[in-house]
Amino acid sequence: MSQYKEQIDKNKLPQHIAIIMDGNGRWAKKMGNQRIFGHENGVTSVRETTEAAAELGIKYLTLYAFSTENWNRPKAEVDALMNLLVKTIELETPTLAKNNVKLLTIGDTSRMPKETADRLQQCIQQTANNTGLHLILALSYSSRWEITEAIRSMVSDGINGNLATADINETTISNYLSTAKYPDPELLIRTSGEYRISNFLLWQIAYTELYFTEVLWPDFRKEDLYQAIVNFQSRERRFGKTSEQVTQ
Ligand code: IPE
Ligand code: IPE
Ligand code: MG
C-alpha cells in the first residue's frame with residue numbers, strides 16, 4: 001500500500017528528475033562491509049527508481065553515477081565501480097530495451113577504460129530508437145568540466161566564423177552543454193543527508209526545486225521517489241515573480 005503514490009497529481013508531474021545517488025559507502029559501513037558492497041546494493045535502487053519513473057510517465061531521469069572528482073578515489077574502488085557499472089548496464093539493457101527506455105550518458109567517457117566505454121556505447125545503441133523514459137547516466141561528469149568544454153567549443157566556433165558574439169544568449173549556452181537536448185530538471189533529489197551539489201548540473205539547476213533526504217542510496221525505493229514528487233508538487237515555483245502573479 002503506497003502512502004504517497006496516490007497523492008501524486010499526474011497532471012503536475014516533473015518532466016525531468018535528477019538524482020545525486022549518495023551514501024553507498026556509509027550504508028556498507030553500517031552493515032560492517034566494504035564500500036563496494038554499498039555500490040552493488042545501490043543497483044537495486046537504480047532499478048526501482050527507473051521503473052517508478054517510467055511507470056509514472058516521467059520523460060527524463062538523470063542519475064549522477066560517477067563524478068569527475070570520483071576519479072580521485074582509491075584505484076581499487078574506481079576499478080570496482082567501473083566494472084560494476086558496465087556489468088550492470090549490460091545486464092539491464094534488455095529490460096530497458098523492452099520497456100522503451102532510452103539509455104544516454106553525459107560526461108567525459110574518454111576518461112573511462114576503452115573497453116568499458118565501448119561496451120557502454122553498445123548498450124546505448126541498443127536502446128537508441130526507444131521513445132519512453134530517457135535514462136541519462138552522468139558518468140565521469142562534472143558541471144565545471146562541462147562548462148569548460150562548452151566554452152572551448154564556443155570560442156573555437158567563434159574563431160571559425162560559426163558563432164557571432166551577438167548571437168550568444170542563454171539558449172546558445174544551453175545548446176553547447178551535454179544536456180542540450182534535455183529540458184532542465186524541475187526536481188533534484190540528493191540522498192544521504194548531504195546538503196550540497198557536488199559539481200552537478202550547475203547551469204541547469206538555476207530554478208530547480210531541491211529535495212534532500214536522509215535515506216542512504218541503497219535504501220532508496222519507489223516510495224521515496226513518490227514522497228519527493230509529492231513534496232515537489234506542494235511547492236510554489238515563482239521564478240522571481242510574486243505569489244499573486246503565479247497563482248492567477
Ligand atoms: C555514492 O556513494 C556513489 C558514488 C559517488 C559513486 P558514495 O560512495 O559517495 O558513499 P558515501 O558518501 O561515501 O557514503
Ligand atoms: C557525488 O557524491 C557524486 C555522485 C553521487 C556520483 P560524492 O560522494 O562524490 O560527493 P561529495 O564528495 O560528498 O561531495
Ligand atoms: Mg558520497
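Not measured: the values here are computed from a predicted model. All residue numbers refer to positions in the sequence shown, counting from 1. Keep in mind that the numbers below use all heavy atoms, side chains included, and drop hydrogens, waters and symmetry copies.
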Undergrad: Could you tell me whether the side chain of N199 and the main chain of S143 form a donor-acceptor pair under 3.5 Å?
TA: yes
Undergrad: Verify the distance criterion only: is there a donor paired with an acceptor across the side chains of N175 and T172 at less than 3.5 Å?
TA: no
Undergrad: Report yes or no: do T127 and N130 form a side-chain donor-acceptor pair below 3.5 Å?
TA: no
Undergrad: To the nearest 0.5 Å, tell me how far M112 CE sits from L85 CG.
TA: 5.5 Å
Undergrad: Is L104 reachable from Y60 through a run of hydrophobic residues whose side-chain heavy atoms are each under 4.5 Å from the next?
TA: yes
Undergrad: Do E40 and R35 meet the salt-bridge criterion of a basic N to acidic O distance under 4.0 Å?
TA: no
Undergrad: Using modelled atom types and a 3.5 Å cut-off, is there a donor and acceptor pairing between side-chain atoms of T191 and backbone atoms of D22?
TA: yes
Undergrad: L13, Y207: one ILVMFWY side-chain cluster at the under-4.5 Å cut-off?
TA: no
Undergrad: Check R111 against S140 and note the closest heavy-atom contact, atom names and distance.
TA: CB-OG, 3.9 Å
Undergrad: Indicate the ring-plane relationship of F200 and Y141, choosing parallel, tilted or perpendicular according to the 30° and 60° boundaries.
TA: perpendicular
Undergrad: Does T105 use its side chain to pair, donor to acceptor, with the backbone of L139 at less than 3.5 Å?
TA: no
Undergrad: Check this for me: does any side-chain nitrogen of one of R237 and E186 sit under 4.0 Å from a carboxylate oxygen of the other?
TA: no
Undergrad: Given the rule in the side chain to side chain donor-acceptor pair (under 3.5 Å) test, do D157 and Y176 qualify, once you have shown the distances and angles that lead to the verdict?
TA: CA-CA 11 Å; D157 282 351; Y176 274 87; 2.6 Å; yes
Undergrad: Which atoms form the tightest heavy-atom contact between A28 and G38, and what is the distance?
TA: CB-N, 3.5 Å
Undergrad: Look only at the side chain of S178 and the backbone of G107, and say whether a donor-acceptor pair between them is shorter than 3.5 Å.
TA: no
Undergrad: Could you tell me which non-hydrogen atom of A53 sits nearest to which non-hydrogen atom of L225, and how far apart they are?
TA: N-CD2, 4.1 Å
Undergrad: Evaluate the criterion side chain to side chain contact (heavy atoms under 4.5 Å, CB included) for residue pair M82 and F66; output intermediate values, then yes/no.
TA: CA-CA 9 Å; M82 286 299 138; F66 193 88; 3.8 Å; yes
Undergrad: Going only through I, L, V, M, F, W and Y residues with side-chain contacts under 4.5 Å, is there a path from I189 to I58?
TA: yes
Undergrad: Is E236 salt-bridged to R238, going by a charged N under 4.0 Å from an acidic O?
TA: yes
Undergrad: On the 0 to 90° scale, with breaks at 30° and 60°, tag the W217-F220 ring pair as parallel, tilted or perpendicular.
TA: parallel
Undergrad: Check this for me, if you would: do E194 and R190 make a salt bridge, where the nitrogen-to-carboxylate-oxygen distance has to be below 4.0 angstrom?
TA: no
Undergrad: Between Q245 (side chain) and T242 (backbone), is there a donor-acceptor pair under 3.5 Å?
TA: yes
Undergrad: Hydrogens and angles aside, do Q204 and E146 bring a side-chain donor and acceptor to less than 3.5 Å of each other?
TA: yes
Undergrad: Without hydrogens or angle criteria, can the side chains of N100 and T131 be said to hold a donor-acceptor pair below 3.5 Å?
TA: yes
Undergrad: Evaluate the ring planes of F212 and Y195, with Trp represented by its six-membered ring, and classify them as parallel (under 30°), tilted (30 to 60°) or perpendicular (over 60°).
TA: tilted
Undergrad: Donor-acceptor pair, N160 side chain versus N162 backbone, under 3.5 Å?
TA: no
Undergrad: Is it true that W27 and N41 share a donor-acceptor pair across their side chains at a distance under 3.5 Å?
TA: no
